[in-house]
Amino acid sequence: MNKKVRVRFAPSPTGGLHLGGVRTVLYNYLFAKKHDGDFILRIEDTDQSRYVEGAEKYIFDCLRWAGLEPDESPEHSGQYGPYRQSERKEIYSRYGDQLIKDGHAYYAFDTPEELEIMRQELKSSDNPSPQYDKTVRHKMRNSISLSAGDTKKLLDEGTKYVVRIKIPDNETVSFMDLIRKEVSFDTSVLDDKVLLKADGMPTYHLAVVVDDYLMKITHAFRGEEWLPSAPVHILLWKFLFGIDNMPQWAHLPLILGPNGKLSKRDGAKFGFPVFAMSWTDPKTHELTEGFKEKGFLPEAFINLLALLGWNEGSEKEIYSLEELTDAFSIERVQSGGARFDYEKARWFNHEWIKKIDISRLHIHVKRLFEERGIPVTDEILLDKAIELVKDRCTLITDFYDQCSFFLQPPVDIDTAAILPKWDEKKNLFFIELIRVYSLSSLWQREGLETSFKELAAANQLKSGELMLPFRIMLVGGKFGPGVFDIAEILGKSETTERIKKVLSML
RNA sequence: GGCCCGUUCGUCUAAGGGUUAGGACACCACCCUUUCACGGUGGUGAUACGAGUUCGAAUCUCGUACGGGCUACCA
């Protein structure tokens with residue numbers, strides 16, 4: 001049952017799933033699949049104050065859309081569950097006790113107010129953010145500064161406390177990162193991080209180590225923002241489970257926005273999505289648009305994300321999820337942060353629109369039209385329309401502008417573009433064209449074009465001057481694919497109807 | 001401030017000591033196109049800086065600069 005490789009992703013249900021989050025899932029997923037291992041999901045919901053109702057389901061929806069479903073999850077409970085950290089509270093406290101017993105952690109009774117006073121007093125331009133470390137440890141209220149009796153008394157009285165790690169003095173903690181090679185820290189600059197909060201919930205530091213051990217995680221990939229706290233985790237591994245059992249770490253480069261770490265704010269500011277799927281904050285009702293709703297194909301989304309910080313070493317850029325699984329290797333992940341480029345993201349989507357089967361596009365486009373209140377009655381016509389216009393579409397939503405006129409006659413007719421050069425001669429030409437087209441037995445592009453041009457010549461008109469009016473009659477404006485292609489797909493009766501209708505408006 | 005990580009065209013990246021430093025996006029020009037696009041061809045454009053090691057450095061070492069991250073009873 002146990003696979004050689006087990007990886008995990010641990011989202012916190014606090015809001016939308018952003019690009020960096022999905023990319024972390026993706027790299028975990030690819031690594032697991034490549035080594036025929038397990039990929040599990042843990043839910044970090046130990047911060048009750050930030051827990052957002054619905055966020056957990058939303059995360060699963062996003063991963064399902066992207067095709068990155070975990071093997072086991074809180075929904076499909078596996079053998080190492082539960083996977084919600086709030087349901088593992090007792091487990092963590094057991095390890096907290098062990099750390100205290102072994103002298104690697106201690107009780108701290110300081111109230112938030114006392115901590116604030118300490119920070120204010122110690123704050124200076126040299127030290128803008130004072131830490132709870134060996135220099136202040138003895139001046140605070142904790143089981144190190146207090147006598148055993150006083151500590152017991154406070155405990156017995158039910159005084160609120162947290163458990164803090166006791167960072168050893170003057171040690172060098174180093175580890176091998178799969179992406180950055182050796183990284184090392186001096187423990188003298190580390191602070192005594194809280195391990196168990198006053199409500200008994202663990203912080204990330206304790207939870208990640210305990211869970212990785214209990215869930216037999218072999219490789220832990222996470223964002224670079226975790227690098228500074230890695231030594232705390234290494235120390236906990238050393239204290240609790242032994243360094244030899246520790247998973248291999250890889251700290252992924254950050255995805256950057258136009259300035260600094262990509263944020264939700266950047267999306268709103270620069271007009272591109274940062275979440276996989278649209279997310280509405282249940283409290284503020286603020287909507288943040290996602291890649292899905294913006295018109296991205298999941299294939300393209302995965303593809304662009306994979307290439308943001310990873311490269312096989314070749315010039316290949318378009319990869320399916322299967323191809324990525326084959327080609328991926330964690331060592332080839334870039335160490336520097338990657339700035340997200342929305343134009344390039346759009347290019348990936350365009351390539352995928354050109355690449356995937358019409359039947360796949362059909363599903364997306366049909367849904368788009370239905371969402372916008374246009375029922376698709378003729379599936380074959382839609383397929384033909386998609387085939388004709390797909391090269392001109394960058395986003396799925398572009399199909400609306402590019403082929404809604406196939407499904408229903410245009411509402412707005414740009415007659416202003418015809419009128420200035422309109423005359424009776426042209427009017428007669430189109431009346432004649434209706435007759436000619438009605439009589440035609442073969443309704444095909446080539447034939448339609450030939451008879452159109454012959455009729456123009458017979459009336460001593462330049463066909464070039466007639467193409468634009470014809471186009472506007474069929475689609476309503478100066479856009480779209482070749483007019484005769486459109487006419488062919490529209491069919492005889494619809495084409496002649498549209499000519500008649502616009503003629504009556506002129 | 002301290003600590004950590006990073007730095008090749010504007011952007012994403014290739015080049016694991018010897019290349020005219022390659023590709024893609026974007027941009028520009030031309031071609032195609034009696035609409036708008038797509039597409040095609042070509043072009044502009046980079047090894048942050050300074051030392052060192054070496055016959056030879058984008059590549060190894062050191063320093064500087066710049067960028068980013070962390071510095072919560074958040075993850």
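Lettering of chains follows the sequences in order, A, B, ..., and the numbering in each one begins at 1.
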Trainee: Using a cut-off of 4.0 Å on non-hydrogen atoms, how would the nucleic acid contact of A/A338 be classed: base, sugar-phosphate, or nothing?
Mentor: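 Here A/A338 touches the backbone only, sparing every base.
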Trainee: Indicate, with a heavy-atom threshold strictly under 4.0 Å, whether A/P481 touches base, sugar-phosphate, or nothing.
Mentor: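 The answer is base, as A/P481 lies within the cut-off (heavy atoms under 4.0 Å) of a base atom.
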Trainee: Can you tell me which nucleotide in B/C25, B/G39, B/C12 comes closest to the side chain of A/K354?
Mentor: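 Nearest listed nucleotide: B/G39.
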Trainee: Over all strands shown, is A/V194 touching base, sugar-phosphate only, or nothing at heavy-atom distances under 4.0 angstrom?
Mentor: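 The residue A/V194 makes sugar-phosphate contact but no base contact.
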Trainee: Quick one: label A/Q334 by what it contacts on the DNA or RNA (base, sugar-phosphate, nothing), any heavy atom closer than 4.0 Å.
Mentor: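 Result for A/Q334 = sugar-phosphate.
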Trainee: Between B/C74, B/G6, B/G23, which nucleotide has the shortest distance from any of its atoms to the side chain of A/R50?
Mentor: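 Per side-chain heavy atoms of A/R50, the pick is B/C74.
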Trainee: Check every atom of B/C4, B/C70, B/C25 against the side chain of A/P228 and return the nucleotide holding the closest atom.
Mentor: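 Looking only at heavy atoms from C-beta outward on A/P228, the closest nucleotide is B/C70.
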Trainee: Across the strands shown, which category fits A/V475 at heavy-atom distances under 4.0 angstrom: base, sugar-phosphate, nothing?
Mentor: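 A/V475: no heavy atom of the nucleic acid under 4.0 Å.
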Trainee: What's A/G477 touching, base or sugar-phosphate or nothing? Going by heavy atoms closer than 4.0 Å.
Mentor: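 Answer is nothing: A/G477 stays at 4.0 Å or more from every strand.
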Trainee: Between P on B/A26 and CZ on A/F340, what's the gap in Å once rounded to a whole number?
Mentor: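 These atoms are roughly 14 Å apart.
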Trainee: Check every atom of B/C74, B/G10, B/A24 against the side chain of A/K344 and return the nucleotide holding the closest atom.
Mentor: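 That would be B/A24.
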Trainee: From the set B/G1, B/U7, B/G39, return the single nucleotide nearest to any side-chain atom of A/S335.
Mentor: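 The closest nucleotide is B/U7.
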Trainee: Touch check for A/S229, heavy atoms < 4.0 angstrom, all strands: base, sugar-phosphate only, or nothing?
Mentor: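 Touches nothing.
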Trainee: Taking the side chain of A/W347 as its heavy atoms from C-beta onward, which of B/C4, B/A14, B/C25 lies nearest to it?
Mentor: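 For A/W347, the side-chain atoms sit closest to B/C25.
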Trainee: Look at the side chain of A/S129 and decide which nucleotide, out of B/U34, B/G1, B/G6, has an atom nearest to it.
Mentor: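 The answer is B/G1, which lies nearest to the side chain.
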Trainee: Would A/K425 pass as a cation-pi partner of A/F429, given that its NZ or CZ must be under 6.0 Å from the six-membered ring centre and within 45 degrees of the axis?
Mentor: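 No, A/K425 does not sit over the ring of A/F429.
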Trainee: Which nucleotide sits closest to the side chain of A/K261: B/U35, B/U13, B/C70?
Mentor: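 Output: B/C70.
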Trainee: Under 4.5 Å between any side-chain heavy atoms of A/V365 and A/I386, yes or no?
Mentor: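 Yes, at least one pair of side-chain atoms sits under 4.5 Å.
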Trainee: Measure the distance from CD on A/E343 to P on B/C27 and round it to the nearest whole Å.
Mentor: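 Rounding to the nearest Å, CD of A/E343 and P of B/C27 are 7 Å apart.
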Trainee: Mind checking A/G313 for me? I need base, sugar-phosphate or nothing, with any heavy atom below 4.0 Å counting as a touch.
Mentor: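 Sugar-phosphate, no base atom in range.
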Trainee: Any strand counts, and the cut-off is 3.5 Å on both contacts for Watson-Crick or G-U wobble. Which nucleotide pairs with B/U11?
Mentor: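 The answer is B/A24, by the H-bond criterion.
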Trainee: Among the candidates B/U13, B/G68, B/G1, find the nucleotide nearest to the side-chain atoms of A/L254.
Mentor: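 Taking heavy atoms from C-beta onward, the closest nucleotide is B/G68.
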Trainee: Do A/Y27 and A/H219 make the cut of ring centroids closer than 6.0 angstrom?
Mentor: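 Ring centroids of A/Y27 and A/H219 are no less than 6.0 Å from each other.
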Trainee: Could you tell me whether A/P112 contacts a base, only the sugar-phosphate backbone, or nothing, with contacts defined as non-hydrogen atoms closer than 4.0 Å?
Mentor: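 If one applies the 4.0 Å heavy-atom cut-off, A/P112 turns out to touch a base.
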Trainee: Kindly assign one of parallel, tilted or perpendicular to the pair A/F272 and A/F270, based on the angle between their ring planes and the thresholds 30° and 60°.
Mentor: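 If you compare the ring of A/F272 with that of A/F270, the planes turn out parallel.
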Trainee: Among B/C73, B/G1, B/U35, which nucleotide has an atom closest to any side-chain atom of A/R471?
Mentor: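 The listed nucleotide nearest to A/R471's side chain is B/U35.
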Trainee: Given the structure, check if the side chain of A/K193 and the base of B/A72 hold any donor-acceptor pair shorter than 3.5 Å.
Mentor: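 Per atom types, no contact qualifies.
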Trainee: Side chains of A/Q85 and A/D211 only: does a donor on one sit below 3.5 Å from an acceptor on the other?
Mentor: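 There is such a pair (donor and acceptor under 3.5 Å, judged by atom type) between the side chains of A/Q85 and A/D211.
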